[in-house]
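FYI, side chains are in, hydrogens and waters are out, and symmetry mates aren't considered; it's all heavy atoms of this structure. Atoms within each ligand, like the ligands themselves, are counted from 1 in listed order.
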Amino acid sequence: MKQESLANTGEPWRVGVLFSRTGFMAIIEETQVHGTLIAIEEINERGGVNGRELVPVIYDPASENALFRAYAKRMIVEDQLSTIFGCYTSSSRKAVLPIVERLNCLLWYPTLYEGFEYSPNVIYTGAAPNQNSVALCQFLTEKYGSRFYLIGSDYVYPRESNRVMRELLSKRGGHVVGERYVGLRASRRDFVPVLNEIRDLSPDVIFSTVVGEATVSLYQAYADFGFDPRITPIASLTTTEAEIRAMGADVGEGHITAAPYFEGLPGVTNDAFVKRYKRRFGEDQSTNMCVEAAYFQVHLFARALEHANSLDPEILRPMVLGSTYDAPQGTVSIDAGCGHAKLWSRIGRANGRGQFDVLQESSSLVPPDPFLTGTGFGRLAPA
Ligand code: ACM
């Protein structure tokens, strides 16, 4: 029986969860599973949605885009699901996109990405470039200089994100002195030629869009080379508390990340979220921007479902658009026009405890501007 025809029957609401729990992306995607699950558990503790429990149907695509595609199809066709929480890499999102569009499912995507995309079948709850890259570029050029070296994993997000950064930089009178891509499974050894080149070119900033386990290898190789983050930091949009924990706080210390959320943010909502997360998954575990988006998007979904009382995307989506939630990062909302989240914009520097000290933040929510039309550039102020 189709899920949306089950309203008021007391049957559970079944939802798909599609993040890698194994493979080279599990380092961050497993945390997104955790964020999704604790939100589902919170909602069920309060009696579910309209008296019906949320039940996750979880698949592990093992960091393989082909499996993302196959499992998305299985979820919709065989499991009869019409809501999927999932995807970290933009390549996995793009693998899933034609399926969710053709079979009319709603994908909730809790990861920062390169922008320049709109789908009526996706709710985007991670940052678009105007909510992270713009402020980061300004901060870096003012503080460190305007000669950037770009290093990324070799797929669509880093290449597009670097294109955006190159443009932002040139508008500020800076330029890119080098640009390299490594495989998604890059090891410490693979970064040696890159770091040799960086030593020769002596940039002011290394802008990294390396993702997953390779992030750990990049920062460790940087430390092996004896570079000093106070002089030439790695600035990233994808290095969170999870990757810092894996590389060691001493290796991550001094490097910069732009994100809507950091674990150490003050406030009762975040305190309760972090405590719950640690109680559920271990005191040594950390929250991060991707967990937080995975968490708050389930709450946004549940609120919309309460009003729609249906998982049919045609009925549910209008309830999502314009909705707000008091998230751990601060109140967030979904822009009614483009289905992307209005988020807070922050810049943090990793400290010796594996946490980020917030250096700058926006004074209000930054609206999404995924096509960089220039309408949504948040100026940040010292935190
Ligand atoms: C990403 O691939 N959107 C980080």
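- In this structure, Phe207 has its ring center no closer than 6.0 Å to that of Phe148.
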**Request:** Check the pair Glu263, Arg353 against salt bridge (Lys or Arg N to Asp or Glu O under 4.0 Å), reporting the backbone distance first and the verdict last.
**Result:** CA-CA 12 Å; Glu263 182 178 69; Arg353 291 173 286 107; over 6 Å; no

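- Tyr181 carries Arg159 over the face of its six-membered ring, with the cationic atom under 6.0 Å from the centre and within 45° of the normal.
- For ligand 1, one of its N or O atoms has an N or O atom of Ser90 under 3.5 Å away.
- For ligand 1, the atoms closer than 4.0 angstrom to any heavy atom of Tyr113 are 3 (N).
- Because its NZ or CZ atom is both nearer than 6.0 Å to the ring centre of Phe116 and within 45° of the ring axis, Arg163 counts as a cation-pi partner of that residue.
- Between atom 3 (N) of ligand 1 and the options Thr209, Leu112, Thr89, the minimum heavy-atom separation is to Leu112.
- Taking the centre and axis of the six-membered ring of Phe24, the NZ or CZ atom of Arg185 falls outside the cone set by 45° and 6.0 Å.
- For the pair Tyr109 and ligand 1, the shortest N or O to N or O distance falls below 3.5 Å.
- Atom 2 (O) of ligand 1 has as its closest protein heavy atom Tyr155 OH, 2.5 Å.
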